[in-house]
Structures are given as structure tokens and as C-alpha cells.
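Below is one structure; the comments refer to it alone.
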Amino acid sequence: MQAIILAAGMGRRLGDYTKDNTKCMVPVNGVRLIDRLLGQLAKQQLNRVIIVVGYKGKELREYIGNRYDGVVNIEFAENPVYDKTNNIYSLAIVKDKLQEDDTLLIESDLIFSDNIIPMIVNAPYPNLALVAKYETWMDGTMVRLDEEQNIVNFISKDAFDYNDVDSYYKTVNIYKLSKQFSQQKYVPFLDAYTKAVGNNEYYENVLRIISLLNNHDMKALPIGQEKWYEIDDKQDLDIAEALFADEKDVLRKYYGRYGGFWRFPQMLDFCYLVNPYFPSRRMKDELRANFDTLLTEYPSGMKVNTLIASKCFGVSEPYIVPGNGAAELIKVLMEDASDLSPHTSNFKIGFTRPTFEEYPNRYDKDQQVTFVPQNEDYRYTADDLMAFFGDKDIRQLMVINPDNPSGNFIPQNDVLRLAQWCEDKGIRLVVDESFVDFSEDYAHNSLLSDELLEAYPHMAVMKSISKSYGVPGLRLGILASADKELIARIKKDVSIWNLNSFAEFFMQIYNKHEKDYQRACDKFVKERADFYEKLCQIPFFRVMPSQANYFLCEVLPPYTASEIVIYMLKQHNILTRDCSLKTGLDPNKQYMRIAVRNHEDNTRLVEGLRAITAK
């Protein structure tokens, strides 16, 4: 068996990365693609490796030089018109060599796990394409398979239909072609195709024509959970560096992204803190039905969106401001406190830690007063807060309820006692209730009502709609308070067009789907209870009770949090959160935060954790 590597392309979309080198010379985490690939091929008993070069071919030849002598036999072929042709011509250049041996055909801009090459080499079928189930990040050649994994159709870009993606597989661009197939089928069709259509085409088009003969020459082998990525542009390179990072760097590369994990193949994100059961399918259908209008029309300004938010959340217009996610409102709210500092001596803010760091990160550290619960579960009550801050000179008190990451929850009656205490002392109380709808008896725990806001005008209530409503992509949040001057200042400081049309439409239609939301919250509370029981059975976890959609777990010896997080990511493609360095947590202990997803996902996580126990 031999291998043919197609490496003639210019890789224009990689910009500066390919200014002086071809794509396969681009390093991923310090290792060039060509070195990684040749190292993987060297482990096989190959007769030779043929590299078809073109753009910067001289540089690639000089780089490889004799570095692989005695390891793998390397030959070169050259596409002199690489800038005027496509990969079908690069393959046609070596068509005679293609017919001399069974061949692995590989494109040079790929990165994949070490299991991939043995997978295709050892498969019993002589003609085989590696394929992966279609995901949104994928582009290029798609195929359909029958029940026996025969490729029955290659889907051209013109024929691609998003309504059929559940039946599509993406070719990984690694093929095994038998000598007989190349001689009797592929090369004759290649000659005829290039003669009729030209050389600015793709070699997969020939396979597509052969597949129409209904003789099932080409089988497909799905790669399942094996990692791979095709690097066409800078974003692909960034994702590939995270996917194939060393253990010392992998968490930094993932956590530093702050989201966008849907781009990672088949990864389960247990850092993802949203409702797994909402929006309902019915609500999604309504959003889809209006997609064209929402995409192509301007959203409303602040005046109209305030009216819609008022209707949606049951708070009067002068008391509410919608934001481009809670993050926008948090920024403006904390800046408002900073602006008041020069006019009010020692405008200090009280925080409880561990907590959601976005609030303290937005305020002068020297003006912060911090309460840390002195118990192993990081539980605290309204009385604890009043006792601690009673003799502190604070003008604002931040309460995340339920708190993140502890899941600590203060019941509504106690929050209102705290609100009255703050009223008496002239302290602004800011309650972030982004996770309150995950609490038991959630329907009676929210502070979003005119009656409560008016009773405690020093109180402001923040809510991220991303969390409990399951729509983080909309970037929607609200801030409510009977302090009209505060709300007016916030509205003045945010953009007049701070919401997109999809977020606006979500608020417009939400009340029609409110019963579905209530059912989703009820279902979630039951699932959390079941998940809690299963996590408590993991011997290296001490799971803390939670009223939110996550659990803070102390990781017990002999394991560390980072070991478990890396194991789950590398072995099960599940991302969890190492919280051990979070401010306020015991620095001598190890902690993880684990989100609550749907039953299927939660079961997959538990099975992965049990596999650690079985090791």
C-alpha cells in the first residue's frame, strides 16, 4: 500500500499563515501538519508516500529534505499550474502511480487523531471513504449512505439541502482505493471527466459519477467520536489548536473561548448553563417561520423594546430596561455605581464569594467588601448577609440568587427581609435572579413585579434570559427597578438599537408559549433531582445541593479537578468546568461545576465519570 498526499493548493483563506508556505506547513500547537501526517503514516507498512506539490513546493521539498530517510520513502510530484487548476489535476498528475498499488488518498490540510489511519487501513473493504456525521461547521463534499454503508450519492454544493442534513455525512477527505478500482474505474473516468469538463474541478466529482452506476464500489466508514478537522481558514486553525491541544494547554484554549462550542464536533458542553427543555419545538417553529423577516428587517429601538419587555415580563415600562444580554446591563449598572463614587464618599459595594465574577470584575477592587461563607458547602442566608454587612460602610449589595457556582438559594421572603434592611440603611440591593426559575416553587420566587419593586425602590433585579429560557444566542437580558432615575440612566447609556430582531420577536411571542415554559421548568426540577442522586454515587465527588441548573462538586483524592476535566474532554468529548481557582473557594481543595442538561446528556456524563472509577 502507498499514500498520495495532495499538497499543491495555495491556502489563500489562511492569509499570513500561507504567505511563505503551503497549507501543510502551517503549525498546529507547534507541530506542522505535514510532520504530524508523515509521522502517522510512518507507523504503517507503506511502500511509499507521494506528495503532490505546487504552491511553495520548493520550500516544502527543502523542509522535508532527508529528515524522513529510513522512516518512510517519500517521492514528490509537481503541479506546475496549481494556481489555475484544482485538486483533480493534482491527482491526474500521479494517475499512473495511483494504478501501481493500493492507495491511501489524503488531503494535506487535515488534522486527525492517531486512530484514523489504522481505522481505514485495517478495514476489510478495498475501496473506502472515511466519513463523519454532518455538523454545521462542515463544508465540502457530502454523501448519503445505505443501510450497508455503501455510498449511494455524492451531494454537490448545488444539490445540498438543509432539510436533508440528518441524512448527510461529510467526507473526511481520506480514501482507500484499491489498485484494481483505480485501474478499471477511477482513472478511466478521471480521464473522461477532465477531457469533458476541464482541470479546475475536484477529484470527488469522479467518485460521484461512479456512484451513479449503482454498483456499490465505494463503502463508507463513519469515524464516530474520533477527532478531526479540516483547516481552511484562521478560524479552523484556532479550533484545531483547541481540539488537539496538549493537556497543559487544553483547558486554557477551551475556557478562553467563552462559548461558541457548537463548532466542536459532537462535544457535550457541561459548562453551558441553560434550560435544556426550552424553547419548545412549537416556539422554535414560530421563530423559523419568521426567520427571513427577522434577518432582513431592522429591530425596533429602545422605546418599543421596553414596551415589549414590559408586556413579556409583567413590569411597567418606566421600571424595566432590556439589554443585549445581561452582560451589557451589568457593565452599565456597575459603571453607574462608579460614576456615583465621586459624589458619594466611599461608595463601597458588598459582594459574596464565590460568585459570578462579572460583577466584581466591573468595579474597583479597593471599593469592594467581600463576605465568604465559613462552611464547606458555601451556604449563607439573608441573616448572614445582614450580620456581616451591618457594620460595613457599603452603599450597594450584590446578591446572585441562586448563586454561581455554589447553587446557594435564599427564599423570596428572606430576600424581601434583606431588601427592607437595605431600604432602612439606604443601600441599593441588586438581586441577579438569572437562575431563579430553576428553583423549586420557582413560580413564586421571582421579584419581577411592580408591587415588589415599588415596595423596595432601592432594589434592582437583573435577569439573564439566556439561562432559564434556553436562548443564549439571542443575547437578551433585563434590569428592573422602581428607581426610575436609575432605569432612565441605564437606558441613556445603552445603544438605542441594542437588541436584534430575533431577541425582540422572542419577547413578542413568549406569552403565547408561557405554559410550555412552565412545563419545561417542572421537567427540569425533576431531572435535576435524578441527576443529583447519580452524581452522589460517584465516589470521588462530594456534591453540594443546588437550586440552580448546575452543581458545585468537591473533587476528592486521589483525583484533581483538572485531571477529571481533561479526561472527560479527551476520552468522552465532554467539557466541564474546573472551579478550583475561583475566588472564595478553599484553595486547598478541588472543585468542579457541572451543568444540568437533559436526561440523555446527563447519563452520558455519569457513564464517563463511572469509567474513571472503573480504571
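No experiment lies behind these values; they were computed from the predicted model shown.
- Not one N or O on the side chain of Ser316 forms a donor-acceptor pair closer than 3.5 Å with the backbone of Tyr319.
- The distance from atom CG of Asp403 to atom CD1 of Ile410, rounded to the nearest 0.5 Å, is 8.5 Å.
- By the neighbour-count criterion of 12 heavy atoms within 6.0 Å, atom NZ of Lys523 is sparsely surrounded, having that number or fewer from other residues, nucleotides or ligands.
- The structure places NZ of Lys515 at 13.5 Å from OG of Ser280, a figure rounded to the nearest 0.5 Å.
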*Taking it one step at a time, do Lys303 and Ile496 satisfy side chain to side chain contact (heavy atoms under 4.5 Å, CB included)?*
CA-CA 8 Å; Lys303 180 179 179 180; Ile496 190 173; over 6 Å; no
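- Looking at Glu358 and Arg362, a side-chain N of the basic residue comes within less than 4.0 Å of a carboxylate O on the acidic one, giving a salt bridge.
- Classification of Asp249 and Arg252 as a salt-bridged pair holds, one side-chain N sitting under 4.0 Å from a carboxylate O.
- Ile490 contributes atom CD1, which lies 10.0 Å from atom CE of Met302 (distance to the nearest 0.5 angstrom).
- Taking the six-membered ring where the residue is Trp, Phe264 and Tyr254 present tilted rings, their angle falling between 30° and 60°.
- Asp522 and Tyr442 form a side-chain donor-acceptor contact under 3.5 Å, judged by distance and modelled atom types alone.
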*Given Val315 and Leu453, is the side chain to side chain contact (heavy atoms under 4.5 Å, CB included) satisfied, shown in steps?*
CA-CA 9 Å; Val315 175; Leu453 295 174; 3.8 Å; yes
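- Ring to ring, Phe524 and Tyr277 are not that close: their centroids are 6.0 angstrom or more apart.
- Scanning for ring-ring contact (aromatic ring centres under 6.0 Å, His included) contacts around Phe551 gives Tyr532, with sequence neighbours left out.
- For the residue pair Ser439/Asn445, the side-chain donor-acceptor check at 3.5 Å is satisfied.
- Using modelled atom types and a 3.5 Å distance limit, the side chains of Asp424 and Gln420 yield a donor-acceptor pair.
- Of the N and O atoms on the side chains of Glu527 and Asn598, not one donor lies less than 3.5 Å from an acceptor on the other residue.
- Judged by distance alone, with hydrogens and angles left aside, the side-chain atoms of Ser300 form no donor-acceptor pair with the main-chain N or O of Val304 at under 3.5 Å.
- Donor-acceptor pairing under 3.5 Å is recorded for the side chains of Asp441 and His444.
- With hydrogens and angles left out, the side-chain atoms of Asp432 and Tyr359 include a donor and acceptor closer than 3.5 Å.
- The pair Arg281-Asp516 does not count as a salt bridge, with every side-chain nitrogen at least 4.0 angstrom from each carboxylate oxygen.
- Remark: Phe502 pairs with Phe291 by the ring-ring contact (aromatic ring centres under 6.0 Å, His included) rule, at least two apart or across chains.
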*After noting the C-alpha distance and the side-chain angles of Ile320 and Leu479, does the key distance pass the side chain to side chain contact (heavy atoms under 4.5 Å, CB included) rule?*
CA-CA 6 Å; Ile320 192 168; Leu479 177 68; over 6 Å; no
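- Among all heavy-atom pairs drawn from Phe278 and His513, the shortest one is CE1-O, 3.9 Å.
- A centroid separation of less than 6.0 Å is found between the aromatic rings of Tyr510 and Tyr469.
- A donor-acceptor contact closer than 3.5 angstrom is absent between the side chains of Asn549 and Arg597.
- Panel note: side chain Thr603, backbone His599; a donor-acceptor pair is recorded below 3.5 Å.
- Ring centroid separation for the pair Phe270 and Tyr550 does not come in under the 6.0 Å cut-off.
- Salt bridge Asp336/Arg428: present, at least one basic N to carboxylate O contact under 4.0 Å.
- For Asn375 (side chain) and Arg379 (main-chain N/O), a donor-acceptor pair under 3.5 Å exists by modelled atom type.
- For the residue pair Thr381 / Asp384, a side-chain donor-acceptor distance below 3.5 Å is found, with atom types taken as modelled.
- For the pair Arg593 and Asp578, the salt-bridge criterion is not met [side-chain N within less than 4.0 Å of a carboxylate O].
- At a cut-off of 3.5 Å, with distance as the only test, a side-chain donor of Ser446 or Glu433 sits close to an acceptor on the other residue.
- Look at Arg417 and Asp414 and you find a salt bridge, because one of the NZ, NE, NH1 or NH2 atoms lies within 4.0 Å of a carboxylate O, short of that distance.
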_Check against side chain to side chain contact (heavy atoms under 4.5 Å, CB included), Lys227 and Phe244_ = CA-CA 8 Å; Lys227 291 182 180 180; Phe244 292 90; 3.8 Å; yes
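- If you check the side chains of Gln225 and Gln266, you find a donor sitting under 3.5 Å from an acceptor.
- The aromatic rings of Phe388 and Phe371 sit tilted, their planes meeting at an angle between 30° and 60°.
- Rounding to the nearest 0.5 Å gives a distance of 4.5 Å between CG of Leu605 and CZ of Phe531.
- In Leu295, the CG atom is crowded: over 12 heavy atoms of neighbouring residues, nucleotides or ligands sit closer than 6.0 Å.
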